Amino acid sequence: MSEYSRSPRQPRKKGSGASGGSGGAGARRGAPGPKGAKGRSGRPVAGGKSGGRSGGGGKATGPRFAGSTKASQPTKLPERKAAPQVDVHDPEGVRLQKLMAAGGVGSRRVCENLIEQGRVEVDGQVVTELGVRINPRTQVVHVDGVRVNLDEDRVYLAFNKPKGVVTTMHDELGRVSLADYVGNREERLFHVGRLDADTEGLLLLTNDGDLAHRLQHPAYGVLKTYVATIRGPVQRDVGKRLREGVELEDGPVSVDSFRIVDHQPGKAMVEVVLHEGRKHVVRRMLEAVGHPVLELVRTEVGPIRLADLKSGRSRRLNKAEIGALYKAAGL
């Protein structure tokens, strides 16, 4: 039961408890009745009356304890200051539940229930009225803390970059680039970070510039996972050295996680997780600890996984994945 749904403690009725009944232990032992009631230690019981009235009709002079309150008046909790109300309604906008349904949250009725339950925020303001209209291009909606994509013009793709492809939309040297795979789209897409030509694996493409910036900037701590095939055998202290940090020509760098996936004669497969985005950083780190990279694949960016996406293919991220990316980037 929620602490906000409990009833306040009711005051004990007069005469209840061991000393209140006529057949109680105190009565059998000849102890005094309610007047002048004392505990086993001989001290007055809290709230009890002293022997009779003073001055013929004066109030009872029973003991009072510092900080005590009357039983019939429960202690009142301090009032919280209400958060300032912000008007998020845009008369020229679209109904909130309609936008949420179009954003993949659920049916129109489900979205209405979420609003009425106070689980929807617009620009940080909880909305509980069904008539609210908003502008999907300028306002931000969260449901249970997860951002909802309301702009249908935004595109979010996962692409499995093949080895030998240059991470650019236009290569002056005429090499195979991203344009050969996604260049025919109407939207102008940004690639989230880079993979060098010899590295394959997961690359995110989007026209959401703010999200792209946050996902690749190390300050936001979005993790990237790589699986590397290196020369082996792997020394026991490699993981510790990488976690503590190694010195490169452009400064120190450390991994967030390192583990050995598989051993083979003369080589090994390892998993490296880090939030750095410097050029060739994984290759340079592993070479610095004595294990040059033979093959390198990026398998994850934040909550998005490469999974079974075939090389050279792309797919649209679903609504849940987009929401998870927003959350990872702090949007």
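Since the structure is predicted, the reported quantities are computational estimates derived from the model, not experimental observations.
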Practice task
Determine, stepwise, if the pair Asn160 / Leu202 fulfils side chain to side chain contact (heavy atoms under 4.5 Å, CB included).
Solution key: CA-CA 5 Å; Asn160 187 349; Leu202 180 60; over 6 Å; no
Handout entry: Residue from Thr206, Leu189, Leu204 passing side chain to side chain contact (heavy atoms under 4.5 Å, CB included) with Leu157
Key = Leu189
Are [X] and [Y] packed together at the side-chain level, in the sense that at least one heavy-atom pair is separated by less than 4.5 angstrom?
X: Val176; Y: Val166; result: no
X: Met285; Y: Glu276; result: no
X: Val273; Y: Val255; result: no
X: Thr199; Y: Val293; result: no
X: Arg214; Y: Val222; result: no
X: Leu242; Y: Leu286; result: yes
X: Ile134; Y: Val127; result: no
X: Tyr226; Y: Leu195; result: yes

I'd like to know whether [atom1] of [X] has more than 12 heavy-atom contacts from other residues, nucleotides or ligands below 6.0 angstrom.
X: Arg305; atom1: CZ; result: no
X: Arg313; atom1: CZ; result: no
X: Glu92; atom1: CD; result: no
X: Asp250; atom1: CG; result: yes
X: Gln117; atom1: CD; result: yes
X: Glu249; atom1: CD; result: yes

Considering non-hydrogen atoms only, spot the tightest contact between [X] and [Y] and give its length.
X: Glu116; Y: Leu130; answer: OE2-CD1, 3.4 Å
X: Gly193; Y: Thr167; answer: O-CG2, 4.0 Å
X: Gly131; Y: His89; answer: O-CE1, 3.6 Å
X: Ser254; Y: Arg243; answer: CB-O, 3.5 Å
X: Leu211; Y: Ala329; answer: CD1-CB, 3.8 Å

Enter the distance from [X]:[atom1] to [Y]:[atom2] here, rounded to the nearest 0.5 Å.
X: Ile230; Y: Leu296; atom1: CD1; atom2: CG; result: 11.0 Å
X: Glu121; Y: His142; atom1: CD; atom2: NE2; result: 7.5 Å
X: Asp262; Y: Met269; atom1: CG; atom2: CE; result: 6.0 Å
X: Tyr156; Y: Asn149; atom1: OH; atom2: CG; result: 4.0 Å
X: Lys161; Y: Arg194; atom1: NZ; atom2: CZ; result: 11.0 Å
X: Leu203; Y: His191; atom1: CG; atom2: NE2; result: 7.5 Å

Taking the side chain from [X] and the backbone from [Y], do they hold a donor-acceptor pair closer than 3.5 Å?
X: Glu321; Y: Asn318; value: yes
X: Asp237; Y: Lys240; value: no
X: Arg284; Y: Lys279; value: yes
X: Asp123; Y: Val140; value: yes
X: Arg147; Y: Tyr326; value: no
X: Lys319; Y: Val148; value: no
X: Arg298; Y: Gly201; value: no
X: Thr225; Y: Thr299; value: no
X: His275; Y: Leu223; value: no
X: Asn207; Y: Val155; value: yes

Exercise for the section: Under the side chain to side chain donor-acceptor pair (under 3.5 Å) rule, collect the residues that match up with Asp180, sequence neighbours excluded. Expected result: none
Fill in the blank from the handout: Sequence neighbours excluded, the answer for side chain to side chain donor-acceptor pair (under 3.5 Å) partners of Arg137 is Asp153
Handout entry: Whether Tyr181 and Phe159 hold their rings parallel, tilted or perpendicular, with breakpoints at 30° and 60°
Key = tilted
Exercise for the section: Return the set of residues passing salt bridge (charged side-chain N to carboxylate O under 4.0 Å, His left out) with Arg133 (not counting sequence neighbours), or none when no residue passes. Expected result: none
Exercise for the section: Before accepting this row, confirm whether a basic side-chain N of the pair Glu200/Lys163 lies closer than 4.0 Å to the acidic partner's carboxylate O. Expected result: no
Problem - Salt-bridge contact Asp198-Arg283 (side-chain N to carboxylate O under 4.0 Å) - result: no
Problem - Chi angles and distances behind the side-chain hydrogen bond (donor to acceptor under 3.5 Å, both in side chains) call for Thr168, Asp171 - result: CA-CA 6 Å; Thr168 180; Asp171 183 62; over 6 Å; no
Problem - Arg154 and Ile322: CA distance, side-chain angles, deciding distance, side chain to side chain contact (heavy atoms under 4.5 Å, CB included) verdict - result: CA-CA 11 Å; Arg154 289 184 175 177; Ile322 297 171; over 6 Å; no
Problem - Verdict with reasoning, Met169 to Arg188, per side chain to side chain contact (heavy atoms under 4.5 Å, CB included) - result: CA-CA 9 Å; Met169 288 297 179; Arg188 180 189 176 190; over 6 Å; no
